[in-house]
Asks: 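Questions regarding the structure given below will be posed in turn.
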Amino acid sequence: MTHDTLPSSSPRSHTALGVCVLLFLLMLPVTAMVPVLSALTVERHPHIGDFARHLFMSANMLGALLAAPLAGWCSDRMGRRTPLILAALAVNALALWQIAGDHAYPLLLALRFVEGCAHITALSLLITLGADHARHGRLGGTMGGVGAAISLGVAVGAPVGGWLGAHDAQAVPLAGAVLSATLCVMAALILRDMPALPATARRSPLTAIKNTRALAVPWLFAFTDRLTVGFIVSTFSLYLAGVMHFGPAQIGLTMAIFLLPFSLLTWPAGLLCQRVDSFAMMLAGSALYGIFLIALAGAGNDTLLPLMAAGGIVAALMYAPSLVLTATLAPPGARALALAGFNIAGSAGFALGPLLAGAMVGTLRAVGVDPYTPTFIFFGLCEIVLVIALLPWWRRWRRTSRPGMLEAPSTHTAP
């Protein structure tokens, strides 16, 4: 980050930088699980089917759906973020430690559910704390930095998980548990809450959210984008292992080639949101991302890696604007709940993605159809159809807002 965005002399910038470091480290265990998905599910529980093994990647997102709104509401009512973050990191460490153990599959899924509750609480409130510490007029850069930290953690987690799990898949959740416990100590030392708003401003965050209809736009994009991510980390990972015969390290590298350009370009995309139409960036990025997903269906060994890198570039164009717009549109006293809503939408998409993809693969396989090409096309069309459906909203947005001015009052109107 530049000194212009977060000056090193400012205490607020120190906390914002600390938030980015914590977010980066918090996200490592998320995609570290992807290269060892088969080892943690089918190899430990060979009796489970396609749907059940996809459920492993969805169970923690189902927990997130429950915990995110509760965490956001509690934080906004308290006017504090840090105590809830510390508690969530401690629970996350315990859940990951237990996931590494030898348990019946239903108990393993229950532990994933608890992990999801803890992870989304820490994630949502760390994002909110970063927005709290953004300087006036620099929200795009700050939230772009937050998004970059998240996506970089996701990117690095995949190859790290492949490396750790190459000989022992259980080492991945164990390492995640140790990391989460360390983060709890780090957070206690470096995080600082901003002064709380007056109690009158914190009285009814739910009402404030209901009156800000424009939040539906970035939330809808978050849902659809994470729906496709759920497909990628489950079905695409299994496709690489079962059809292309990739090992854990190769799967981790493939994911990293997609995620590294995504993470490196998220912060510049956030800065760009301060000068151009963020809504238009979401539309363009999502359309190109849909084309990328469809193209994956025909990718061979020679074209897969360049295509994954291209997909990472366009993904940054859709992720950063949705995060920036959510923080911008959040009403006073309800920022944690607004960002929790963003994460709820994303978690719902992530939870549904593996389940929907698993059901499609199982059904198509049962009727004797190659399941992967139709599934890739379906998820790509989800992005493209969303863009087409929201074009009328974008035209209205253009008439009622000043695209480059994220702080303008007009952005709090419904598109």
Asks: Can you name the residues that form a side-chain hydrogen bond (donor to acceptor under 3.5 Å, both in side chains) with Ser180, not counting sequence neighbours?
Replies: Asn92
Asks: Do Leu125 and Thr82 have side chains that get closer than 4.5 Å, going by heavy atoms?
Replies: no
Asks: To the closest 0.5 Å, what do you measure between CG (Leu66) and CG (Leu62)?
Replies: 10.0 Å
Asks: Check Leu164 against Ala175 and note the closest heavy-atom contact, atom names and distance.
Replies: CD1-CB, 3.8 Å
Asks: Going by side-chain contact (heavy atoms from CB on, under 4.5 Å), name the residues that satisfy it together with Phe378, two or more places apart in sequence or in a different chain.
Replies: Leu356, Met360, Cys382
Asks: Roughly how far apart are Leu364 CG and Thr375 OG1, rounded to 0.5 Å?
Replies: 5.5 Å
Asks: Find the distance between CG (Leu126) and CG (Leu339) and round it off to the nearest 0.5 Å.
Replies: 11.5 Å
Asks: Taking side chain as C-beta onward, heavy atoms only, is Leu123 less than 4.5 Å from Met27?
Replies: yes
Asks: Before giving the answer on side-chain contact (heavy atoms from CB on, under 4.5 Å), spell out for Leu191 and Leu86 the whole-Å C-alpha distance, their side-chain angles and the decisive distance to 0.1 Å.
Replies: CA-CA 10 Å; Leu191 294 185; Leu86 297 179; 5.6 Å; no
Asks: Under 6.0 Å from the NE2 atom of His167, do we count more than 12 heavy atoms belonging to anything else shown?
Replies: no
Asks: Does the side chain of Leu179 come within less than 4.5 Å of Leu28's, by heavy atoms?
Replies: yes
Asks: Any side-chain heavy atom of Val114 sitting closer than 4.5 Å to one from Gln98?
Replies: no
Asks: So which atom in Ala59 and which in Leu109 form the shortest heavy-atom distance, rounded to 0.1 Å?
Replies: CB-O, 3.7 Å
Asks: If we ignore hydrogens and angles and just use 3.5 Å, is the side chain of Glu115 paired with the main-chain N or O of Leu96 as donor and acceptor?
Replies: no
Asks: Could you give the side-chain donor-acceptor pairs of residues 239-264 under 3.5 Å, partners two or more places apart or in another chain?
Replies:
unit_1: His245; atom_1: NE2; unit_2: Val243; atom_2: O; d: 3.4
unit_1: Gln250; atom_1: OE1; unit_2: Gly247; atom_2: N; d: 3.0
unit_1: Thr254; atom_1: OG1; unit_2: Gln250; atom_2: O; d: 2.9
unit_1: Ser263; atom_1: OG; unit_2: Leu259; atom_2: O; d: 3.2
unit_1: Ser263; atom_1: OG; unit_2: Leu260; atom_2: O; d: 2.8

Asks: What is the distance from atom OG of Ser286 to atom CE of Met318, rounded to the nearest 0.5 Å?
Replies: 5.5 Å
Asks: Pair up each side-chain donor or acceptor in residues 300-317 with any protein partner under 3.5 Å, not counting sequence neighbours, and list the distances.
Replies:
unit_1: Thr303; atom_1: OG1; unit_2: Gly300; atom_2: N; d: 3.0

Asks: Could you list the residues that satisfy side-chain hydrogen bond (donor to acceptor under 3.5 Å, both in side chains) with Thr235, not counting sequence neighbours?
Replies: His54
Asks: Using side-chain heavy atoms (C-beta onward) and a distance below 4.5 Å, is Met282 in contact with Val217?
Replies: yes
Asks: Determine the minimum heavy-atom distance between Gly161 and Val36, stating which atoms define it.
Replies: O-CG1, 4.0 Å
Asks: With a 4.5 Å cut-off on side-chain heavy atoms, are Val172 and Pro29 touching?
Replies: no
Asks: Check whether any side-chain heavy atom of Phe221 sits under 4.5 Å from a side-chain heavy atom of Phe279, and report yes or no.
Replies: yes
Asks: So which heavy atom on Ile99 is nearest to which on Leu108, and how close?
Replies: O-CD1, 3.6 Å
Asks: With no hydrogens and no angle check, is any side-chain donor or acceptor of Thr228 less than 3.5 Å from a backbone partner on Asp225?
Replies: yes
Asks: For Ala68 versus Ala340, what's the shortest heavy-atom pair and its separation?
Replies: O-CB, 3.3 Å
Asks: Under the ring-ring contact (aromatic ring centres under 6.0 Å, His included) definition, can you give me all pairs with a residue in residues 87-128, not counting sequence neighbours?
Replies: His45-Tyr105
Asks: Do Leu22 and Ile190 touch side chain to side chain, with heavy atoms closer than 4.5 Å?
Replies: yes
Asks: How long is the gap from CG on Leu391 to CG on Leu386, to the nearest 0.5 Å?
Replies: 9.5 Å
Asks: Say you draw a straight line from CG of Leu283 to CD1 of Ile384; how long is it, rounded to the nearest 0.5 Å?
Replies: 13.0 Å
Asks: Main chain of Phe56, side chain of Arg112: is a donor-acceptor contact present, judged purely on distance under 3.5 Å?
Replies: yes
Asks: Would you find a donor on one side and an acceptor on the other, under 3.5 Å apart, between the side chain of Asp193 and the backbone of Arg80?
Replies: no
Asks: Does Ser151 reach the main-chain N or O of Ala148 with its side chain, forming a donor-acceptor pair under 3.5 Å?
Replies: yes
Asks: Let me see the working for Val361 and Arg365 under side-chain contact (heavy atoms from CB on, under 4.5 Å), right down to the final yes or no.
Replies: CA-CA 6 Å; Val361 169; Arg365 199 192 304 276; 3.3 Å; yes
Asks: Walk me through whether Ile127 and Met143 qualify under side-chain contact (heavy atoms from CB on, under 4.5 Å).
Replies: CA-CA 8 Å; Ile127 294 172; Met143 298 312 292; 3.7 Å; yes
Asks: Search all heavy atoms of Leu293 against all heavy atoms of Gly380 and return the closest pair with its distance.
Replies: CB-CA, 3.7 Å
Asks: I'd like to know if the side chain of Trp219 reaches the main chain of Ala338, judged simply by a donor and an acceptor atom lying under 3.5 Å from each other, with no hydrogens or angles considered.
Replies: yes
Asks: Using a distance-only test with no angle check, is there a side-chain donor-acceptor pair under 3.5 angstrom linking Thr128 and Arg81?
Replies: no
Asks: If you apply the rule side-chain contact (heavy atoms from CB on, under 4.5 Å), what do you find for Ile85 with Thr121, and how did you get there?
Replies: CA-CA 7 Å; Ile85 292 171; Thr121 297; over 6 Å; no
Asks: Can you say whether the rings of Phe379 and Phe231 are parallel (under 30°), tilted (30 to 60°) or perpendicular (over 60°)?
Replies: parallel
